[in-house]
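Below is one structure, written out as structure tokens; comments come after it.
Counting starts at 1 for both ligands and their atoms, following the listed order. Since the model is a prediction, treat every value here as computed from it, not as a measurement.
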Amino acid sequence: MNKKYILSFETSCDDTSVAVVDTDYVVLSNLISSQKEHEKYGGIVPELASRIHIKNIMLLTKKAMIEAGVSYKEISAIAVSINPGLIGSLLVGVSYAKSLSYALDIPLIAINHLLGHVFANKITHRELEPPFLSLIVSGGHTELVKFEADYSFETVGKTRDDAAGEAFDKTAKLLNLGYPGGPAIQREAQNGDPNFYQFPLCMNQKDNFDFSFSGLKTAIMNYINSQTKENIEKHKSDIAASVQSAIVGSLFKKTISYAKKYKINKIVVSGGVSANAFLRLKFEEFSKISHIKVFFPKLEFCMDNAAMIGAAAIPKFIEKDFSDLSLNAFSKKGIRRL
Ligand code: KG4
Ligand code: ZN
């Protein structure tokens with residue numbers, strides 16, 4: 001059978017990304033242009049993000065096609081993330097994907113960004129099939145999702161306030177470690193003592209699979225305010241390690257207790273926070289001593305990227321589940337089948 005190629009776009013937040021994948025989950029190109037312009041604001045400025053996407057997307061597409069060595073005539077479908085995310089940013093990707101689909105007469109496939117994160121695992125572990133439990137941990141979402149099939153899933157737990165990535169980002173801001181906070185906290189925590197201070201584990205009750213990180217944020221703020229500047233500087237790495245341990249601890253505990261309770265033997269971790277080395281280690285150590293297998297995407301597919309959007313589009317492509325040009329972006333949170 002001839003190879004089929006999908007050209008995919010991801011512009012939901014501050015990364016412009018364009019990829020070409022084939023329908024066997026092989027990534028031919030996956031280019032990401034990260035917007036450094038937000039760093040000086042300590043967070044993403046939505047209007048700025050969409051303007052930079054507009055500036056980047058054409059050239060990045062050209063480069064992704066050249067790197068993949070594929071012509072537009074060989075592209076069988078165009079996939080794009082249409083939700084959730086910053087609406088202005090999403091609209092850039094959706095409008096560009098729609099215009100290419102129209103001009104080149106190629107079918108269009110709409111993808112939920114969080115489903116894309118889960119499918120990043122499929123690129124890394126081609127053999128992975130549902131049923132499994134997925135912990136999706138990103139900058140805006142923390143969800144525990146039970147998958148029965150590629151597009152058949154149920155959210156069984158989610159954060160009631162902040163997301164895990166947001167907890168990393170806010171703590172990094174409080175400790176003046178810069179943005180994005182997750183990698184900065186991980187770096188700082190490397191030489192710290194995770195038992196230096198016991199920050200609370202969120203929603204610690206048995207049989208409750210929701211998360212909450214706003215209490216932790218308050219506890220961190222209270223702790224920092226109760227200490228001298230010198231003490232904070234002296235113990236920055238210990239504080240970072242203790243916070244990382246609290247965030248990872250609650251993600252880990254909830255996920256494995258759900259998997260054990262409902263006898264699910266595969267856990268699939270995804271989203272930007274799945275790049276965290278401490279989280280990976282904790283799950284990997286657990287999987288060595290249990291019958292539950294744990295899957296992580298390769299580091300390059302943890303953060304926002306278009307290859308995961310192309311991968312998530314493959315079952316839809318096979319089912320010929322295409323969208324027409326009335327397709328629109330929307331920002332409503334959560335994983336969903338579109
Ligand atoms: O999935 P993602 O790239 O974007 C969203 O969809 O939100 O996730 C970004 C989040 C940020 O909050 C960032 O701080 C976090 O992922 N992150 C990490 C690490 N790398 C990225 N958190 C902890 N440890 C990391 N190594
Ligand atoms: Zn994401």
Aromatic rings Tyr258 and Tyr262: how do their planes relate, parallel, tilted or perpendicular, breaks at 30° and 60°?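 Rings of Tyr258 and Tyr262: tilted, as their planes differ by 30° to 60°.
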
Tyr102: which residues meet the ring pair (Phe, Tyr, Trp, His ring centres under 6.0 Å) condition with it, sequence neighbours left out? none

Could you check atom 13 (C) of ligand 1 against the protein and tell me its nearest heavy-atom contact, residue, atom and distance included? Asp169 OD1, 3.8 Å

Salt-bridge criterion met for Lys4 and Glu74 (N-O under 4.0 Å):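 Looking at Lys4 and Glu74, the cut-off is not met.
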
Got a salt bridge between Glu47 and Arg51, using NZ or NE/NH1/NH2 to carboxylate O under 4.0 Å?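 So Glu47 pairs with Arg51 through a salt bridge.
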
Report yes if [X] has an N/O atom closer than 3.5 Å to an N/O atom of ligand 1; otherwise report no.
X	value
Gly182	yes
Pro180	no
Phe168	no

Out of Glu166, Met303, His117, Arg280, indicate the one that has the non-hydrogen atom closest to atom 21 (C) of ligand 1.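 Heavy atom nearest to atom 21 (C) of ligand 1 belongs to Met303.
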
Would one find more than 12 heavy atoms of other residues, nucleotides or ligands at under 6.0 Å from atom CG of Asp105? no

Just checking Lys236: does its NZ atom have more than 12 heavy atoms from other residues, nucleotides or ligands closer to it than 6.0 angstrom?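 Yes, enclosed.
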
Protein N, O or S atoms less than 2.8 Å from the Zn ion (ligand 2), ignoring waters? His113 NE2, His117 NE2, Asp304 OD1

Ligand 1 contact by His113, heavy-atom criterion under 4.0 angstrom: yes

